[in-house]
Amino acid sequence: HVQLVESGGGSVQAGGSLRLSCAASGYAYRPVFMAWFRQPQGKEREGVAAISTGAGDTYYADTVKGRFTISRDNANNTMYLQMNNLKPEDSAMYYCAASLWGLVPERVFSLPEYKSLGQGTQVTVS
């Protein structure tokens with residue numbers, strides 16, 4: 001069972017930056033896909049960015065392309081989300097998710113494909 005712990009959230013002014021981290025542990029096999037989801041208050045959870053931990057293929061929601069960068073450090077079992085030029089509409093609880101199997105591009109932002117989900121870290125942009 002993969003355990004995920006997010007960190008790095010906080011409050012920032014519009015145009016600012018934050019870097020989220022997701023530490024993974026408790027697994028016998030490294031997750032094949034990892035992703036960041038977010039849930040603005042009162043809205044549904046949505047996919048933000050995803051990465052294949054082997055090849056490093058990355059996927060982004062249109063709303064964050066060019067501003068967010070997802071990366072991973074397999075040696076330290078950690079995934080990151082660098083968020084630049086933040087906007088108020090980026091305010092949300094951000095969750096880290098992990099899948100133990102490969103995903104086709106059409107499914108990388110489908111939350112049921114990920115069997116492990118962290119507790120979340122809050123990002124507030126004013």
Side-chain angles (χ1 to χ4, degrees):
H1 178 67
V2 181
Q3 296 176 326
L4 303 170
V5 178
E6 303 94 336
S7 61
S11 297
V12 65
Q13 291 188 338
S17 298
L18 284 173
R19 188 193 196 203
L20 304 184
S21 298
C22 171
S25 63
Y27 53 86
Y29 299 96
R30 186 183 70 204
V32 177
F33 254 86
M34 296 187 73
W36 290 97
F37 289 80
R38 68 185 181 186
Q39 187 168 18
Q41 190 171 5
K43 297 184 179 180
E44 293 186 356
R45 202 166 291 178
E46 61 182 7
V48 175
I51 188 168
S52 62
T53 61
D57 297 329
T58 57
Y59 306 83
Y60 296 96
D62 289 341
T63 52
V64 305
K65 278 181 182 177
R67 300 188 298 121
F68 290 12
T69 302
I70 189 172
S71 62
R72 89 280 190 231
D73 179 350
N74 290 337
N76 291 306
N77 303 320
T78 303
M79 178 179 67
Y80 304 98
L81 186 67
Q82 178 67 44
M83 306 186 295
N84 297 328
N85 190 21
L86 283 161
K87 304 176 181 180
E89 51 265 42
D90 295 317
S91 297
M93 185 71 79
Y94 282 71
Y95 299 89
C96 170
S99 173
L100 294 179
W101 49 80
L103 299 175
V104 296
E106 294 78 14
R107 303 296 295 174
V108 299
F109 291 143
S110 174
L111 189 57
E113 298 287 353
Y114 297 85
K115 300 307 180 185
S116 296
L117 192 68
Q119 294 298 309
T121 185
Q122 179 68 40
V123 171
T124 302
V125 185
S126 59

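Residue indices begin at 1 and follow the sequence shown. The figures here come from the full heavy-atom set of this structure, side chains too, leaving out hydrogens, waters and symmetry mates.
Annotation: salt bridge (Lys or Arg N to Asp or Glu O under 4.0 Å) contacts of Arg30 (sequence neighbours excluded): none.
Using a distance-only test at 3.5 Å, with no hydrogens or angles considered, no donor-acceptor pair links the side chain of Glu46 to the main chain of Arg38. Side chain of Tyr114 to backbone of Val108: a donor-acceptor contact under 3.5 angstrom is found. Remark: the backbone N or O of Gly54 is paired with a side-chain donor or acceptor of Arg72 at under 3.5 angstrom. Side chain of Glu6 to backbone of Gln119: a donor-acceptor contact under 3.5 angstrom is found. Looking at Thr78, its side chain never comes within 3.5 Å of a backbone N or O of Ala23 through a donor-acceptor pair. Using a distance-only test at 3.5 Å, with no hydrogens or angles considered, a donor-acceptor pair links the side chain of Tyr60 to the main chain of Ile70. In this structure, the side chain of Thr69 does not engage the main chain of Gln82 through any donor-acceptor pair within 3.5 Å. Judged purely by atom type and a 3.5 angstrom limit, Ser52 uses its side chain to pair as donor or acceptor with the backbone of Asp57. A donor-acceptor contact shorter than 3.5 Å is absent between the side chain of Asp90 and the backbone of Val123.
Between the CG atom of Leu4 and the OH atom of Tyr27 there is a distance of 9.5 Å, given to the nearest 0.5 Å. Atom CG of Leu20 sits about 4.5 Å away from atom CH2 of Trp36, to the nearest 0.5 Å. The CD atom of Gln13 lies 11.5 Å from the CG atom of Leu86; values are rounded to the nearest 0.5 Å. Between the CZ atom in Arg107 and the CH2 atom in Trp101 there is a gap of 11.5 Å [rounded to 0.5 Å]. To the nearest 0.5 Å, atom CG of residue Leu117 and atom CD of residue Gln3 are 13.0 Å apart. The structure places OG of Ser17 at 8.0 Å from CG of Asn85, a figure rounded to the nearest 0.5 Å.
By the rule that hydrophobic residues join a cluster once side-chain heavy atoms approach within less than 4.5 Å of another member, Tyr80 and Val64 end up as members of separate clusters. Follow the hydrophobic side-chain contacts under 4.5 Å out from Leu111 and you reach Phe33 in the same cluster.
Counting non-hydrogen atoms of other residues, nucleotides and ligands closer than 6.0 Å to CD of Glu44 gives a total of 12 or fewer.
Aromatic ring pairs are classed by plane angle as parallel below 30°, tilted from 30° to 60° and perpendicular above 60°; the pair Phe109 and Phe37 is perpendicular.
Pairs passing the disulfide bond (SG atoms under 2.5 Å apart) check and including a residue from residues 54-126, sequence neighbours excluded, read Cys22-Cys96.
Nearest heavy atoms, Gly118 versus Tyr95: O-CD2, 3.5 Å. Residues Pro40 and Ala92 share a closest heavy-atom pair of N-CB, 3.6 Å.
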